[in-house]
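Below, chain A is the first sequence line, B the second, and so on; all start at residue 1. Just so you know, these numbers come straight off a predicted model, no measurement behind them.
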Amino acid sequence: MNPIFRFALAVALAIPLTSRSQDMPLTQVLIEGEDWEVVAEGYGFTDGLCTDAEGNLYFSDVKDGTAVYKVDLEGKVSEFIQDAAGISGLQWGADGKLYACVARGRIVVSFDKDGKMTQLADEVRPNDLVVTHDGNLYFTMTPTSEIRRIDPEGKMTVVSSGDVTKPNGISLSPDQGTLAVSDHGGKFVWAFRIKKDGTLDAAQPYMPMRTPVADPEVAKGDGMATDIHGRWYVTTAMGLQMFDPTGRMGGVIAKPQDANLVSVCFAGPDHAWLYVGCGDKVYRRKTKTKGALFFQAPRATEKPPRD
Amino acid sequence: MRISTTRWGIAALVALLGLAGSAFSQDDYKPGPDAERKDGVPQGKVTQHIWESEIFPGTVRDYWVYVPAQYDGSKPAAVMVFFDGGGFVNEKGHSRVPIVFDNLIHAGEMPVTIGIFINPGVVPPDREGAEPRKNRSFEYDTLSDQNARFLLEEILPEVGKSYKLTENPDARATCGNSSGGIAAFTVAWERPDAFRKVVSHIGSFTNIRGGHVYEALIRKEDPKPLRVFLQDGENDLDNLHGNWPLANKQMAAALEFSGYDYKFVMGTGGHSARHGGAILPDTLRWLWRDWKELEL
């Protein structure tokens, strides 16, 4: 089929007044009786949560930490990479490397299997990142309103400037064709189209986040994750907000404690657990869904099961 | 920018016919005799187009233009815009607007009106294997003037290249179902200088993207010179965004309170286009009842 023809079908199919691809309450995600449980504690400011193919969790302590920490499937916490301080974002690439935003050092780096660090960019202000299956690394520069890309050859370019006030969290759709970036200084999660050449266009304030009554213009959008049904998750001042693939808010999951909720990922067995970094602790909670993993090949968005 | 393709249309039509057959609730509402072809009634022409928007960046969409047989270009025509237009323009669908327009215009019950039927946009994927980003909720549910500007700065000027469209806001109407219903209201609410007639069926005046506030806004703002028709059904949705029958009752009560020219019809259906479509001819008679006094 030619591209326009395929697109036409998609439009026609988008027309139903109700469908399983929108209007998704939290009951589709949360399990009655399940609550947040502490996974790791005693840190300064947990951040940078990410997972690998097995479901191990990795995180950083951007305030006091000196390492990348790992929580294995048995719940054992260890130092995975030592001498790694000030990290605010972590993601595994399809190449088996762990990529990191070193906020304090103002560099973007990768760690290979032996923990050897390679610097990919310096004199930057990286906050959080996502790595596509084909090896494009996108990271947010919160203070400069920029999104930058490091392509598979290592060349860095600015792919968005001024669209998002304070770009912070960053994630992909399951098909890896849409990039979403949360605004820490505004109230929207923005959507971008990723073009064949890795550049971005079609920027849109796609998801309106709930904001505190006392600060109605600033949601403090932070870390993001996506599930296999194309739902978006974003940590905010109000809690963990969930949006359906059409950008409609599905609900706000309460914070596990009254502290900064800044990072989220799906990890654990089957990647069916939501993990969050909230203040001094990492928490998790079992869900009915599974995380989208971007070091794996892009996949079609799965329709959620019928209620 | 205009692109033409016929294969597109066939695909969309096939998909729409499939959807028309799937009822979302039990009701007996059917299109009536005004939605049937009658001997001796001249038929308007419908053409299909594709639009790439700048106001909704990166989006592409279908739209159709209905031009009644009575339009001769000697004077401007009234304008009626339909959201989720593909469902309304379909002559076998829930509303069969081209047939209804033909019959009502022929009978002098509404003005010579150009119908513009617009589908919501999608952002087509660029990368191999990726899926389109659906823009319907963003365009229809958002409370802003963006969709009005899309009509006024993109679609009407484009259609206006081929046909004379009236500048009189009292002769320009919007219509839609569900999120398209609140979209129809939002366009007129934001730009009463440009659109003053609204038809909303099963309108989503709920908190999808903040639309639940309209009933409150209506009560405390200077009444706008709008004529509003609302339809809903007692078995409409009650979900995470709100309760549709209650929301529509609140809208009707607010319009009543503030002295609007409005009409509210509550049926027994669910979140379905069938009731609104079945009564559309009478709705249009009410909406355009004094059209002969309008200067087009």
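- Listed for the A:Ser182 side chain is a donor-acceptor partner under 3.5 Å among the backbone atoms of A:Asp222.
- The part of A:Asp134 that comes within reach of chain B is its side chain, from C-beta onward, which places non-hydrogen atoms under 4.5 angstrom from that chain.
- Heavy atoms closer than 4.5 Å to chain B are found in both the backbone and the side chain of A:Pro205.
- Under the 6.0 Å distance and 45° angle rule, B:Arg61 counts as a cation-pi partner of B:Phe150.
- With a threshold of 4.5 angstrom between heavy atoms, A:Ala300 approaches chain B through its backbone and through its side chain.
- Listed for the A:Arg193 side chain is a donor-acceptor partner under 3.5 Å among the backbone atoms of B:Pro124.
- For chain B, no part of A:Thr199 is nearby; none of its heavy atoms comes within less than 4.5 Å.
- For A:Thr178, the part lying near chain B is the side chain, with the backbone staying farther off; criterion is any non-hydrogen pair under 4.5 Å.
- Heavy atoms of A:Ser173 lying under 4.5 Å from chain B are absent altogether.
- Two rings, from B:Phe88 and B:His94, have their centers less than 6.0 Å apart.
- Between B:Tyr214 and B:Trp189, the distance from one ring center to the other falls under 6.0 angstrom.
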